[in-house]
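Structure first, then comments.
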Amino acid sequence: MEICSIPRKEKDGSSKDIRCPNIVRDYNAHMGYVDKMDMLKSIYEIDRKSKKWWHRIMWYFLDVSIVNSFILFKHRTGSSIPNLKVFRVSVATGLIGAGQPARSRAQPKVTNHFKRTVPYEIRYDQCLHMPVYSKSRRCAFCSNTQDPHRTRWTCSTCDVGFCLNDKKNCFQVYHQK
Ligand SMILES: [Zn+2]
Ligand SMILES: [Zn+2]
């Protein structure tokens, strides 16, 4: 068994290092997460009765997966998604609308007259082919030797330049089938 040393407070207030198995140290450090998981899982859990016992196990793991996804999503994206309820609804609407273009799924909700709020499943729907401002290049769509066109907008995925201004949007035309 692997042993480590941890500080322990003595009765007189002083601290003394004592030996303890790693497993005990890890349990003490992380036991709160199990309670937190149970708490998060219980708030909006799927509570469907069924005669088949294994259905309940399936719902349990589905709830655990959603809570874990919520934690990972917040961690990875640094998102300000307000709570688990909003996340669950986003997952559900995202799955229901899977395979359809984002535009027809849900309209952005107007909660603030000056700043529109976009649902998370739409906001993160596409994250490829973003315009990036960079050095001047020839437009990969409309430029040729007789009629050269230069632009500073580059596609983050294709790594070629496209016109993107008030007169022309080669960026959009090129990416639409
Ligand atoms: Zn592209
Ligand atoms: Zn162009």
Side-chain angles (χ1 to χ4, degrees), residues 25-26 29-46 58-177:
R25 176 203 57 191
D26 293 346
H30 303 294
M31 63 180 178
Y33 294 116
V34 177
D35 295 334
K36 191 176 178 187
M37 169 71 216
D38 286 339
M39 187 273 286
L40 280 170
K41 192 183 81 62
S42 68
I43 312 176
Y44 302 112
E45 73 188 338
I46 302 162
M58 196 184 82
W59 300 132
Y60 173 84
F61 281 114
L62 191 58
D63 281 325
V64 171
S65 308
I66 294 169
V67 170
N68 285 345
S69 309
F70 175 61
I71 294 164
L72 284 173
F73 180 79
K74 282 180 78 137
H75 186 72
R76 291 277 309 261
T77 63
S79 160
S80 58
I81 193 157
N83 56 44
L84 187 57
K85 186 178 176 183
V86 174
F87 183 77
R88 287 191 89 112
V89 172
S90 296
V91 170
T93 46
L95 289 171
I96 293 163
Q100 291 169 24
R103 253 166 278 130
S104 63
R105 265 188 239 164
Q107 291 301 311
K109 199 168 55 182
V110 182
T111 48
N112 178 326
H113 186 70
F114 300 100
K115 196 175 165 189
R116 288 167 76 90
T117 311
V118 180
Y120 288 95
E121 74 277 14
I122 292 179
R123 178 172 163 186
Y124 296 112
D125 188 48
Q126 298 284 342
C127 46
L128 294 171
H129 302 280
M130 293 292 168
V132 178
Y133 197 67
S134 54
K135 63 181 195 293
S136 173
R137 295 171 148 189
R138 269 189 285 274
C139 175
F141 181 68
C142 70
S143 185
N144 56 52
T145 40
Q146 284 79 43
D147 187 19
H149 288 268
R150 296 193 77 83
T151 175
R152 295 199 65 168
W153 290 106
T154 295
C155 171
S156 61
T157 305
C158 304
D159 195 29
V160 287
F162 295 109
C163 306
L164 184 63
N165 55 54
D166 58 339
K167 312 257 173 350
K168 248 179 156 187
N169 191 345
C170 294
F171 201 97
Q172 186 182 27
V173 178
Y174 184 82
H175 288 100
Q176 278 174 340
K177 279 187 201 156

If we only count heavy atoms from C-beta on, is the Val86 to Asn83 side-chain gap below 4.5 Å?
yes

For a 4.5 angstrom cut-off between non-hydrogen side-chain atoms, does Leu40 reach Ile71?
yes

NZ/Lys74 to CZ/Phe70 distance, rounded to the nearest 0.5 angstrom?
4.0 Å

Can you tell me how far the SG atom of Cys163 sits from the CZ atom of Arg138, to the nearest 0.5 Å?
12.5 Å

Please name all residues satisfying side-chain contact (heavy atoms from CB on, under 4.5 Å) with [X], sequence neighbours left out, ordered by chain then number.
X: Ser156; result: Met130, Val132
X: Arg25; result: Cys4, Ile6, Cys20, Asn22
X: Phe141; result: Cys139, Phe162, Cys170, Val173, Tyr174
X: Asp147; result: Asn144, His149

Only residue of Phe87, Phe61, Tyr44 satisfying side-chain contact (heavy atoms from CB on, under 4.5 Å) with Ile66 is Phe87

side-chain hydrogen bond (donor to acceptor under 3.5 Å, both in side chains) partners of residues 60-72, not counting sequence neighbours, each pair once:
Asp63-Arg88

Residue pairs involving residues 30-41 (criterion side-chain hydrogen bond (donor to acceptor under 3.5 Å, both in side chains); sequence neighbours excluded):
Lys41-Glu45

Check side chain to side chain donor-acceptor pair (under 3.5 Å) between Thr154 and all other residues, then give those that pass, not counting sequence neighbours.
Ser134

Residues two or more places apart in sequence or in another chain: which of them pass side chain to side chain donor-acceptor pair (under 3.5 Å) with Thr145?
none

Whether Ser143 side chain and Ala140 backbone form a donor-acceptor pair below 3.5 Å
no

If you compare all heavy atoms of Leu164 against all heavy atoms of Thr151, which two are closest, and at what distance to 0.1 Å?
N-OG1, 4.3 Å

Which heavy atom of Phe171 sits nearest a heavy atom of His129, and at what distance?
CE2-O, 3.5 Å

Salt bridge (Lys or Arg N to Asp or Glu O under 4.0 Å) contacts touching residues 154-177 (sequence neighbours left out):
Arg137-Asp159

